[in-house]
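Report on the structure given below.
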Amino acid sequence: MRILRFVGRRLLQLIPVLLGVVVLTFLLVRVLPGDPIRSILGPNATEADADAARARFGLDQPMWKQFLDYLGGLFTGDFGTSIQSGAPVTGEMALRLGPTLELVVIAVTIAVLLAIWLGIWSARRADRFGDHTVRIFALFGNSIPEFWLGLVLILVGYAALGWFPAPSGRVDPDADLTPLTGADLVDALITGNGPAISSAAAHLVLPVLTLVIGVLAPLLRSVRASALEVLRSEAYAAAAAHGLPERTLLRGYLRRATLVRLPSLAALVFGTALGSTVLVEYVYSWQGFGQWALRGLLYRDYPVVQASVLIIAFAYVLVFLIADVVHAWLDPRVKI
Amino acid sequence: MAAIEMAPVVSSNRDGRFAKVLIYVGSGILVVAALAALLAPLLTRWGPTEIDPSGTLAAPGGEHLLGTDGNGMDVWSRVLHAARLDLGIAVLAVALAVVVGTLLGLLAGYLGGWVDDVLMRIVDIFQAFPTFILALAVSALLGGGFFNLVVTIAAVNAPAYARLVRAEVRTLREMQYIDAAKTSGASTIGIMWRHLLPNSLTPVRVIAPLNCGWAMLTLAGLSFLGLGVTVPTAEWGSMISLGTSDVVAGRWWTSVPPGLALLVCVLGFSLLGEGLQERADAKRR
Amino acid sequence: AGSKDNPDSSASAGPAATTLRIAVSSYLSSWDQDFVGFDLTALMLFKNVYPYMIDYGVTKAGDSEILDTANITPTFAESFEPDSTQKIWTLKLRKGVMFPSGNEMKAADVKWSKDRAFAAQANVAGIYRTIGLTKPEQVIVKDDYTVEFHQEFPSALTKQIQAISLYVFDSVEAKKHATDADPWAKEWFAKNAPTGGYFNVTKATQGQEIELSANKAYPGTDGAKTPTIRLSVVPAAANQRLQLQAGDIDIALGITGQDLQDLKKVEGVKVLSAASNNQVMMTMSVTTAPFDDVNVRKALAFAVPYEQIIKNVYGGDARPVKSYVPLDMPGYAETGYPFTYDIEQAKAALAASGKTAVNSELVFEANNDEQQKIAVQVQAEAAKAGITLKLTPLDPATLGERRTQKSIPLQITTGQLWVNDVEYMLATFYVKGAALNYANLNNAELEEIYTKSHTTVEESARLQLWSQVQSILAAEVPAVMICQPNFNLPVREKVAGWVQPMDGLARLRYLSASA
Amino acid sequence: MLDIQDLSVVIHRPGRQVAALSNVSFSVAPGEVVGLVGESGGGKSMVARAIVGMLPSGSHATGRVGFDGADVLRMDAADLARHRGSGAAICFQNPRGALSPTRTVGRQLIDRLVTHQDMKGDRAAETAKELFAAVGIRNPARRLEAYPHELSGGMAQRVMISLATGCAPGLLIADEPTTGLDVTLTREILRQFRHAADTDGRGVLLISHDLASIAEVCDRVVVLYAGTVVESGPAAKVLREPAHPYTRALLRSVPDVGGGRVVATAGGMPLMTAAPHDCPFAPRCAHATDDCRSTRPETTMLDGDWSLACFHPQETPLAEAIAADLTTAATEPGDVVLKIEDAHVVYRSRFGSGGHHALRGVSLELRAGETLGVVGESGCGKSTLAKLIMGLVEPSEGSVEVAGKGVRKQSRAERTRAQMVFQDPIGSLSPRRTVGDSIAEPLRAAKVPAKERAQRVEAALGRMELDPSILTRLPHELSGGQAQRIGIARALVGRPDLIVFDEPTSALDVTVQAQILDVIADVASDAGHGSVFISHDLATVRGFADRVVVLYLGRVVEEGPVDEVFDRPKHPYTRALLGSAPRLGETRTADVQLVKDLDEADAATGCALAARCPFVTDTCRSQEQTLQPYGETRAACWRVPELTALIEKS
Ligand SMILES: Nc1ncnc2c1ncn2[C@@H]1O[C@H](COP(=O)(O)OP(=O)(O)OP(=O)(O)O)[C@@H](O)[C@H]1O
Ligand SMILES: Nc1ncnc2c1ncn2[C@@H]1O[C@H](COP(=O)(O)OP(=O)(O)OP(=O)(O)O)[C@@H](O)[C@H]1O
Ligand SMILES: [Mg+2]
Ligand SMILES: [Mg+2]
């Protein structure tokens, strides 16, 4: 019940933030140089043709009216019509969001689990060889530009070893996957399509690996630091001094206490990963949200840019909200 | 009588030694990189944008230490000269972000109330804004020049500092020494400037180097998307991006050297940051 | 009907493969050719999935086969012929040609499609203006299988213009998706592929993959050779290359520059090569400083390292040009472009303008490796002549906007004329109001020649005009003509039947592969 | 059972080493309560850690820690695991910190039961409930589900004890189990340990620096100084007639409710880098001779099991040494420097309505030259009162005037008319400002020119007996005592009208505390300003206050001249408080016993103490109590006249 009230209050707080994002994006795309209409008309179009097209997309209206129309649309879930494709943005976005979310969610989940495991492992061996090795490797991974790492992984995993499918698409078209959510692995699991499951999973390996390597270090650092803090805390020493067995110590006294600070960092990592998969998507021909948003921006497809920024911002704040709830659940001291 | 060494619950005997190694190695790398950047003209025979008329994609050795790229420019010279730009932009951008973020965080954290609410909502908006789109938009708006990139990357990073400093200030302002300063008649600005600022910078000092590395990666990403510096300016990200297909063809020298340079510098920042973090943790204990 | 040559005659032995896999760099933005614009992937697909009433034939040029702009033949149509005034063109349809929906292709479809094109006020409407078609009323249905096009004036370009514009929709089907708010079913066609062309789209996964299968109902003889073609979107060129080398794709459409040269040496891969009329040039605005002075324009023309660009950017795989008229266009003359790389002459020309140094920006497309390399090479050499160039890569939207403002002093442009005729070239580049007149040229003599050319139908008279055109342009120097790169396409060894399109848009129906 | 022989521990750290323990020997038998006392850093915790085999890394231990015949120092990992908990179990110093914050206390207890008593499921839960009840936790079933942060300090300490006893140890070690607890609770908790020894026959090792409380429950005491045992023997004897000068010094440093003045011993405990070759106390000892400075005294037996390591054992009874000096120089009261009228303070919660009503209708008046003591248990609003006076919180009702001017209307310079000395000596100095900078701050606000500033800073330092070289140091380079002197110097330097001391000594070590109290007594007796001295420790206040007010839940329940209040308390709360304050060499029982813990008491209408008062009536519950004069003092209780009779009856 308290949780519900907390969530409700937080959702209310989101309104000004999202409204701010909406206004900022709306203005930003319009002050950017570049004309969205010219890029959809062939070079033979006249000024009259351009005006007609502008009217078609309502861009001839005064700015405040455009904004009100846009805002009104948002309340009914209508993000407008893409200037580039002429199709409703909502539908296009749905198709693009699934794959990217799938990629990021899987990658961040794996990274978080790996960070927890390695971080605790590392903290228990603090200042020994294994600890140092793990940390240095994580830092290495963190220092490679994602696009470069992606290319290297493709060169090795696909071109040289041939272990992974060609970096084009997200699932073998012959698997005949019925798209439902756009997240192919999820769709394959829902429809119980065996070949599609293995194909989608195989396509996911390298991009997920790229992202995981990229985001592991900060998570690992955080887990290790809080695990060390717990290990060196009086509370842990007290439990150890009372002769509790290793397993109880690990499960009851170390793990949960270690994780309390992780959710907000994981949310941050998720947010940045969501906003920056565009490079990974490019390298792996993963036609996802980032590529879509980038293309929208390059062609000044106003509705697309507005929608993509709003969705990412929304996902971001939502993930933070979830992180806070998880934090409250993990840490009994948190009052919400 | 036999002396007995007790087995510790958690070893902390060598505490700080590894941190020291990290800090030394990290700053060592950065010093070397900075020196290479400064001395670049002395260490190279070709200018960074000078075209060798005898052809492109020459293999390393002979006239060109690391060969030439697709434009016939000397890779070694470009890698060295690029350090100026990459390190410069990263450090300046983070410095700008620190200044702006700290100021906002200080005001929001100490004044509280509606100032806090308004400033933090603005920070929220900026932080919720997808990094790359913000960066792309700013660079599309301002163009890809040196200072515009500094502003872009600073804009992306400032919110994090604002949050960090605000959180710190909110704890610090409950400290007894702040009460002590108030009862000693210190003014609000005096308290912020003399007491809160120096003490709230501790976490900033740890994060900033890590952030510099991250800024370099962002810059490289922007260049990869064609939104960083314009060709033919020497910049690691754009060099890597231009050389990607060369790697596939076995011509490693156009993109591997800038890639390694980038990696090593980012690693330098990360090591330094990690070391500082560890030292800070050790101090707190 | 049908082409003179059988393009498949050179196909290698062995059983034909049933599937061809092609990599493209981006997904198309929309399936609606009328309402949506300038997207090369989309335009290429449209050529293969829309039913075109008439189309280019195929001819041989050297070892390669190219589309024959002089030989335009009916495909889905029975015939397309003018009356004696050359103003009324009659399109006769075949009976019994079916859309996949089961509807027959009829005159009503043609009428609906043309009405839609005029309503869209975009591509087709724009291009129709050059042959005097501006209103829907000029398209008249005579009977179920006959449509007349009433032009305002006769034109030598009609056949070529119609060859790229006369595509039809399944209007019966389309009307089902029309609403009062959306009478032309734009929303439907934005997402759903048209039907009835050489290929039908059997599956399209947004952003990822498109599967085409040969249209069995095609009435002509030169239908698609390969039953299934899969186009997958692979944005990274390096990736396309890896997949081609590994044999995961058969054709890579997104590979340029140095990669092509490299691939020639790779086993299992061949690079199809053909001369093309793709012109690479740098257009200078004659109304914008510093290029409002013809001597500055000349100085730049002397300062460009033509040979070096051909070597460094195209690996030698491009032809130097000596005229503003493309190399393979009727009327081309060697004297049309009297500039070679010569820094001394460049300096002299600059001195003649009374300046010793000038500044300008050089605009080119962001994310275009070739243009970027050219810009870098030009920048380095022009500097030696005292011309300082600031490189300005622009994204498509900004480039489009600045181009309409006609304010770019110097820009790199590449492209092929869709109609192989100097009149079309003038209409496109050099007359007042021409869409691509980025030079802002306004030359009275050229305008006069252009008007005259509309009604000049006789071949030698036209050639006479074209030689005048070239000497005027050589004096005006509206652009630096860098070169004409050859067309190169890397494919797996087993791929055969490539026909070089003069408009750069691949005609997939000729392609085949041995399994 | 426990038999420590010649235990020495040296801790090696990069660049330094610490001889934490040197040749320590003592033993604990089953059913016996042994007290381990000494100053901070004396090595008390190190002994406890050695017993459970958890010395810090880098420790070098020699000697023998015999436990039931085995030597803990030589146990292998498996033996140690068995020994910890079931052999010896520690109750940790800071109970809240020693409970894992993310696990319910019930689970933590059950973990112990499962590990050491082989219990399972329901039986463990049942036993856990019994153990909770045994340490006096009301409603144990509900408390089992609680997380540590939901417990009050006293409750957390009880839980900690139950965790330790849950291990069913042979030896129960309690490391400073009562630090930070109220007097009333302290007695109660210490009784738990006596109980464990008496009923379960466990050995108990009670570590504390609070000699007075230990005296009540221990059978024997061991006094540690700088890692060495200086004296050990039966508690009653050692604490009443200590023979070692250090033990005597320690005892004299402790303030006494009876009014005895503390006697400070100069200097601090040395930090040993190696086992000493002399008497470590010699530099501070009044009886030290050259022998003491060159040879380390052997441990000798006095009589029975009273042992001593000193060349000059003292024999005079301690009581005489503490000659009562109750005559505070009576100074003429000057102008009114502080006037509080009916002040209320409410801490608003950030969201929603309501808040915490920390002060309810407090009125005070103070004149220059006067010292007002403020006492009350933790959380009663003492610090809030201090902040109110300093203008750090705003009264929601009522007014506060310092030197005749409302605190909220003061200018920057006027704000320095009242100065405060804080509880946390180091934490009240800005960590990145030098000491000199901090002291000069009030002068800067008052726009004193730089040159005069330097002189006055130096003068203030001189009064604190500090060397001027300390001015350039940073706070973390100071000891607690030094830091608190700096804090007092800062308060004095601007020659304020009023100085507020908020528990200025509670964070300090016993002997340092005595030194600082000396300084404060000196400062407070100045005629130029008034002083407010806040403490939860009644004894400290008695030393130098002229008048005292007793706060309870934000209300003044009693006020009057200090001797009157202490010797003839009126209000039941004051009586309870004074009754439970331990006095050396006496075992008394409080005449009023409060019921329930503070955190369970609610303050709705009526008398604030109603929920805990044994003499409560319906009138108490319904009527707000205001201060009424009873003789020289005023108390907020209508039953004062009948109280004496009531107490005698019970
Ligand atoms: N982990 C450690 N590393 C180094 N020295 C330590 C460590 N723990 C304790 N010491 C040192 O050992 C000595 C004894 O410390 P110990 O904690 O036993 O004192 P204590 O009597 O318990 O003090 P307190 O009353 O403050 O708890 C001190 O000088 C201290 O500085
Ligand atoms: N900033 C604050 N916000 C809300 N409540 C507070 C705040 N400061 C103190 N309180 C509450 O007000 C009450 C009185 O606090 P105060 O600090 O004055 O007590 P105290 O008598 O000084 O206790 P202690 O002896 O523990 O220092 C306590 O219940 C405390 O929890
Ligand atoms: Mg201790
Ligand atoms: Mg307090």
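Letters go in sequence order (proteins before strands), and every chain restarts at 1. What's counted below: heavy atoms across the whole structure, side chains too, no hydrogens, waters or symmetry copies.
Neither the backbone nor the side chain of A77(D) comes within contact range of chain B; no heavy atom of the residue lies under 4.5 Å from a heavy atom of that chain. Looking at L392(D), only its side chain comes within 4.5 Å of chain B, counting heavy atoms on both sides. Neither the backbone nor the side chain of R417(D) comes within contact range of chain B; no heavy atom of the residue lies under 4.5 Å from a heavy atom of that chain. For chain B, the nearby parts of E441(D) are the backbone and the side chain; heavy atoms of each come within less than 4.5 Å.
The candidate from P198(B), G190(B), A181(B) with the greatest count of non-hydrogen atom pairs under 4.5 Å with chain D is P198(B). For the set G487(D), S411(D), S428(D), the entry with the most heavy-atom pairs within less than 4.5 Å of chain B is S428(D).
Here the OG1-CE distance, from T183(B) to M420(D), works out to 7.5 Å after rounding to the nearest 0.5 Å. Taking OG from S438(D) and NE2 from H195(B), the interatomic distance works out to 7.0 Å, rounded to the nearest 0.5 Å. Separation of atoms OH (Y177(B)) and CZ (R432(D)) is listed at 8.5 Å; rounding is to 0.5 Å.
Among all heavy-atom pairs drawn from N199(B) and S430(D), the shortest one is ND2-OG, 3.8 Å. Residues R415(D) and K182(B) approach most closely at NH1-O, 3.8 Å, considering heavy atoms. Closest of all the heavy-atom pairs between G185(B) and A445(D) is O-CB, 3.4 Å.
Within residues 103-110 of chain B, no residue has any heavy atom under 4.5 Å from a heavy atom of chain D.
The main-chain N or O of D424(D) is found under 3.5 Å from a side-chain atom of Q176(B) such that the two form a donor-acceptor pair.
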